[in-house]
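Below is a structure I'd like to ask you about.
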Protein chains: 2
Amino acid sequence: MLKTSIEMENAASVLKLMGDKTRLTMMKIMDKHDCCVCEFVEIFNMSQPSISQHLRKLRDLGLVKEERRGQWIFYSMNKKNMYYPFIQQILEHLPSQDDKLQKLEEQGTRISCC
Amino acid sequence: MLKTSIEMENAASVLKLMGDKTRLTMMKIMDKHDCCVCEFVEIFNMSQPSISQHLRKLRDLGLVKEERRGQWIFYSMNKKNMYYPFIQQILEHLPSQDDKLQKLEEQGTRISCC
DNA sequence: CTAATATATTCGTATATAAGTATATAGTTA
DNA sequence: TAACTATATACTTATATACGAATATATTAG
């Protein structure tokens, strides 16, 4: 059985982050796709600062990585983070959120397709 | 790959519960052992009402089961709960908390040994 | 170089959460 | 049956959290 070594305190911190539905969904999306702030703003119909704050929390723990492409900064899960294996096996059990990106594409607001 | 079907909203709720270090530790202990309130009070050096409130939150979601034995009510993880498989694979990755029960036994305050 | 766009940060607000004191309740024990 | 013990509940308080308006910052685009 593949086990990651993770302290209780760190585990609780990660789980608390994932215990917010918006962030959990973001993480599920970012596990497979790059996504930028303005796309999340559309997906969740939330304000840009709110989305930015959610990402900040993930960034503070090194859970996500950024890549600037032109005007946009794309976020994805940082698979090199020490907690990633722990996070991944949680995300694996969640339903796909790809439909949310699909919807963006249909509306012509998917940016990472360009 | 064994996957459980769990909705995002429910997953977030469960994860939020587990995002508290005290509750996470309690859940880890209860996954293998029965434990009563007064034992948790000793383990965590917290007030009885606090422990009781933590258990209440777990109980409200059906995550724990109770069993009265004399004066005491023993709690353990409810392995029949629909979310248990999801929870279990998270708990599996955490370090054992058995040493906490061990310490109780050494102090002579372990109740479920009697 | 300026204007525009994307994003981060600051700030304020409403709500949620964890902790403990006080009290009520549910049993068991004597 | 009354006394006692274990536990649940109610209440208060301090702190954390999520959200969005306003603003600052970092780039790119023209």
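Order of the sequence lines fixes the chain letters, A, B, ..., with proteins taken first and strands second; residue numbering starts at 1 for each chain. The model shown is predicted, which means the values in this text are computed figures rather than measured ones.
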Measure from the side-chain N and O atoms of A/D20 to the backbone N and O of A/R23, and report whether any donor-acceptor pair falls under 3.5 Å.
yes
Please determine, for the side chain of B/S47, which listed nucleotide (C/dA18, D/dT7, C/dT21) has the closest atom?
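Among C/dA18, D/dT7, C/dT21, the one nearest the side chain of B/S47 is C/dT21.
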Taking any heavy-atom pair under 4.0 Å as a contact, classify B/K21: base, sugar-phosphate, or nothing.
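Result for B/K21 = nothing.
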Quick one: on DNA chain C, does A/F74 or A/Q53 contact a more 5' nucleotide (nearest heavy atom)?
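Checking each residue's closest nucleotide, the 5'-ward one belongs to A/F74.
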Does NZ in B/K79 sit with more than 12 non-hydrogen atoms of other residues, nucleotides or ligands closer than 6.0 Å?
yes
C/dT17 phosphate, OP1 or OP2, under 4.0 Å from B/K16 side-chain N/O:
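Checking C/dT17 against B/K16, a side-chain N or O does come within under 4.0 Å of OP1 or OP2.
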Without hydrogens or angle criteria, can the side chains of A/Y84 and A/N78 be said to hold a donor-acceptor pair below 3.5 Å?
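On atom types as modelled, these side chains do not qualify, holding no pair under 3.5 Å.
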Starting at atom CE of A/M18, determine the distance to atom P of D/dT17, rounded to an integer number of angstrom.
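Going from A/M18 (CE) to D/dT17 (P), I get 17 Å.
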Verify the distance criterion only: is there a donor paired with an acceptor across the side chains of A/T22 and A/T25 at less than 3.5 Å?
no
Per atom distances to the A/Y75 side chain, the nearest of C/dA19, D/dT7, C/dA8 is C/dA8
Any chance the side chains of A/D34 and A/Y75 put a donor and an acceptor closer than 3.5 Å?
no
Can you see if the side chain of A/K57 gets near the phosphate of D/dA18 - specifically, an N or O under 4.0 Å from OP1 or OP2?
yes
Protein-nucleotides 23-30 of chain D N/O pairs closer than 3.5 Å?
none

Within less than 4.0 Å of OP1 or OP2 of C/dA19, is there a side-chain N or O belonging to B/S50?
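B/S50 to C/dA19 OP1/OP2: no side-chain N or O under 4.0 Å.
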Of the listed D/dT9, C/dT9, C/dA19, the closest approach to the B/R56 side chain comes from D/dT9
Whole-Å distance separating the CZ atom of A/R23 from the C1' atom of D/dA16:
12 Å
Would one find a side-chain N or O of A/H54 under 4.0 angstrom from OP1 or OP2 of D/dC19?
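Yes, within the criterion.
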Using salt bridge (charged side-chain N to carboxylate O under 4.0 Å, His left out), reason through B/E67 and B/R69 one step at a time and then give a plain yes or no.
CA-CA 6 Å; B/E67 189 184 348; B/R69 290 185 215 141; 3.4 Å; yes
Identify whether any heavy atom of B/R69 sits under 4.0 Å from a base atom; if not, whether one sits that close to sugar-phosphate; answer base, sugar-phosphate or nothing.
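Result for B/R69 = nothing.
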Please answer whether the main-chain N or O of B/I111 pairs with a side-chain N or O of B/E39 as donor and acceptor at a distance below 3.5 Å.
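It does hold such a pair.
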Walking DNA chain D from its 5' end, the first of B/I73 and A/M46 to be reached, judged by nearest nucleotide, is B/I73
What is the separation between atom CG on A/L55 and atom C1' on D/dT17, rounded to the nearest whole Å?
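One finds 16 Å between C1' of D/dT17 and CG of A/L55, rounded.
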Among the candidates C/dA19, C/dA8, D/dT7, find the nucleotide nearest to the side-chain atoms of A/S52.
C/dA8
Once you round it to whole Å, what is the distance between P of D/dA6 and CD of B/E67?
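Distance check: B/E67 CD to D/dA6 P gives 18 Å.
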